[in-house]
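Data first, discussion second: the structure below is written as structure tokens.
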Amino acid sequence: MRRKPGQLVPLEAAICVCAARLHRKGTREFHGYEIAKHLAEESDHRLLTAYGTLYRALGRLEAMGLLESRWEDPHIPARENRPGRRLYVLTAEGEVAAREARKAATAKLVRRAVRKPVTT
Amino acid sequence: MTALQIRSAASLVRGWTRLCTSRLPASVRERRRAEVESDLWESLRNEGGSTPAVVLHLLARLVLGIPDDLGWWIEQALVAGVLRRQTLVVSGRFVGMAIVLGTLWAIGQDITRDRAIVVFAPGLTAQSPANNSAGVRFEVISVKPNPTGRAGWTQTRVLPGGRYIATNIPIRLLIGQTYQVQSYRLIGGPAWIETDAFDIVATADRDLSPANGQRPLNDALKALLAERFKLKIHTETRQLPAYNLVVARGDKKFGPNLIRSERTDCAAILAEVAARAAGGPPPPPLPGGQAPPCGGFNGIGVLSLDSATLLRFSDVLSAELNRKVFDRTGLNGLFNVRLTWTPDPLPPGPLPPDAPPIDPNGPSLFTAVQEQLGLTLESTTGPVDVVVIDSVERPEPN
């Protein structure tokens, strides 16, 4: 999908919205698989976002300053005998972007409803 | 459909990730690989459903992401300067076509057969042990279960006249010795290959001592494992928990037991040692766990290296820690290393008479590396070349 200047593509917006929602529920940091799982649940899809698409989008959001990331403490995966997780967190700019994305989505729904009024 | 297909699909994802991160800067490359590895681990742990559904899910996430992977690679390659804009169009078309064809081929394979999918994994190669033998085979072989079980000592001997005797040897250890892989790099196989031990007596038609870079014993043992134990293996590269060996101090100062060697080259000394060894038995070890010139001593709780690279030291540490150690010190040249620590657990029973004593209150290996060498081990994950045991059978009694 071609990007319009200053705008997020739908997946990026969805990640910001999903991350903000997770934050409100008490999960500030998330890893790639976790956000993919939540995105799939919210959109009622069984298939998670593809690896290449997901991690490219996370990288772009980080480059835009909407996400920050770090590797988790290496002792944790060593103790649990699993690979280390890259943890992402929504920045203040990311929260603004999430609000904007939610507003835009709501406005789109309203426009659609106005164009197609419900007939009784 | 079996777990093999899931492993194959996961290997395909890993292989593709390795391919689409190749030639990129190490930090970018390792980050993407580690993130996908973590994602794979979470997927395999969390996603239920039937095996075909899991396999299809992994493959779908792989294939649907390929356009973004390519776009991402090009972005990163341009930033890193490994790709010029002029060559972009031609390269992109070529790579894209190759990937699509390769993917179609891989998916079209009959993965219900016991075969590994090897399309995109550069480090993954199917291997038949029998094909590796370079002509040297045992003519007479006796393989019997050892009645004492694993309580006894393991002993292997190579005698003149092509005779090989292994007493009380678990097959996992024999596979490791034959393929020269440390324990942490040997994966899979049933439990009995570690718990059951065998006595093997075999005779080849020629001498089994290594000569001219050839290792006839290993070739003969590969054939023996293939014939008598029906061993099938393959090698691949996996992302596994590992350690980075790094300099601990910000001022890069070494610890007291890490000293730059005055030697710059060990080739002449090692050639002399090899010439001496060819004429008779190896020299006895030096007292106190000292390393001979350009050599090493690896005892229980003692490690000494003379004029070794830190890459070699990392390999020795890998065996001690049973986990891959990557040399990330950035230090070149040769070093003398002396490391003493308290093994955990302490070895049962008395030490051999010529072994250096163990201080029961000494530091752990991790602490010793930091305090004595000024280096530190950081947990990480990284690519490790492993040998995977696909199948192995108990031998027919003879």
Side-chain angles (χ1 to χ4, degrees), chain A residues 1-3 8-12 14-15 22 27 29-41 43-64 67-89, chain B residues 10 12-14 16-17 20-21 27-28 30-47 49 53 56-76 79 99 238-244 321 323 366 376-382:
Chain A
M1 175 169 294
R2 193 165 292 279
R3 175 190 299 277
L8 300 179
V9 297
L11 176 63
E12 294 164 354
I15 290 173
L22 282 174
T27 306
E29 290 184 306
F30 57 89
H31 53 87
Y33 175 82
E34 193 176 11
I35 199 79
K37 196 85 179 156
H38 282 283
L39 286 169
E41 281 167 8
S43 58
D44 210 21
H45 285 158
R46 289 180 66 190
L47 183 64
L48 303 191
T49 311
Y51 302 109
T53 311
L54 175 67
Y55 291 104
R56 189 184 188 194
L58 288 171
R60 274 195 310 250
L61 288 169
E62 193 173 1
M64 284 186 253
L67 292 178
E68 282 175 358
S69 73
R70 66 173 179 92
W71 288 111
E72 68 178 331
D73 180 345
H75 292 101
I76 299 171
R79 197 167 53 236
E80 297 176 0
N81 203 23
R82 60 167 172 76
R85 292 169 176 162
R86 184 91 185 171
L87 298 175
Y88 293 86
V89 62
Chain B
L12 204 56
V13 174
R14 287 190 189 100
W16 167 247
T17 305
C20 77
T21 52
S27 58
V28 178
E30 295 304 324
R31 173 176 166 174
R32 171 58 73 93
R33 290 178 185 179
E35 279 200 287
V36 171
E37 185 61 32
S38 171
D39 193 313
L40 266 177
W41 188 89
E42 302 282 351
S43 292
L44 297 177
R45 191 187 65 156
N46 293 316
E47 284 169 28
L56 285 174
H57 196 175
L58 292 178
L59 292 178
R61 287 189 75 195
L62 165 68
V63 173
L64 294 173
I66 285 177
D68 275 301
D69 277 325
L70 289 174
W72 175 81
W73 186 88
I74 291 166
E75 285 166 9
Q76 300 299 325
V79 169
I99 287 158
R238 288 192 180 180
Q239 291 286 327
L240 292 179
Y243 295 106
N244 282 336
L321 294 164
R323 192 175 278 197
F366 289 86
T376 193
L377 291 158
E378 295 177 344
S379 290
T380 184
T381 56

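So that the names make sense, note that chain A is the first sequence line, chain B the second, and so on, each numbered from 1. Computed over heavy atoms, backbone and side chain alike; hydrogens, waters and symmetry mates excluded. Note that the coordinates shown come from a computational prediction; the quantities given were computed from them, not determined experimentally.
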Review point. If you count heavy-atom pairs under 4.5 Å with chain A, which of B:Thr381, B:Asp39, B:Asp69 comes out on top?
Key: B:Asp39
Point to revise | Heavy-atom proximity to chain A below 4.5 Å, by part of B:Trp72 | key: both
Point to revise | chain A contact via B:Glu42 - which portion, at a heavy-atom distance below 4.5 Å | key: both
Exercise for review: To the nearest 0.5 Å, tell me how far B:Leu64 CG sits from A:Leu54 CG.
Suggested key: 13.0 Å
Exercise for review: Tell me yes or no: between the side chains of B:Arg33 and B:Thr21, is some donor less than 3.5 Å from an acceptor?
Suggested key: yes
**Study point:** Part of A:Ala36 lying under 4.5 Å from any heavy atom of chain B
**Key:** side chain
Exercise for review: State whether the side chain of A:His31 and the backbone N or O of A:Gly84 hold a donor-acceptor pair below 3.5 Å, judged by distance alone.
Suggested key: no
Revision key, fill the gap. If you tally heavy-atom pairs under 4.5 Å between each of B:Pro241, B:Ala34, B:Ala242, B:Ser38 and chain A, the highest tally belongs to B:Ser38
Review point. Does the side chain of A:Arg82 come within less than 4.5 Å of A:Ile76's, by heavy atoms?
Key: yes
Review point. Checking B:Gln76 against chain A: side chain, backbone, both or neither under 4.5 Å from a heavy atom?
Key: neither
Check your understanding: Can you say whether B:Arg31 sits under 4.5 Å from chain A via the side chain, the backbone, both, or neither, judging by heavy atoms?
Key -> both
Exercise for review: On the 0 to 90° scale, with breaks at 30° and 60°, tag the A:Phe30-A:Tyr88 ring pair as parallel, tilted or perpendicular.
Suggested key: parallel
Review point. Do other residues, nucleotides or ligands put more than 12 heavy atoms under 6.0 Å from A:Glu68 CD?
Key: no
Study note, to complete from the structure: Honestly, the part of B:Glu37 sitting under 4.5 Å from a heavy atom of chain A is both
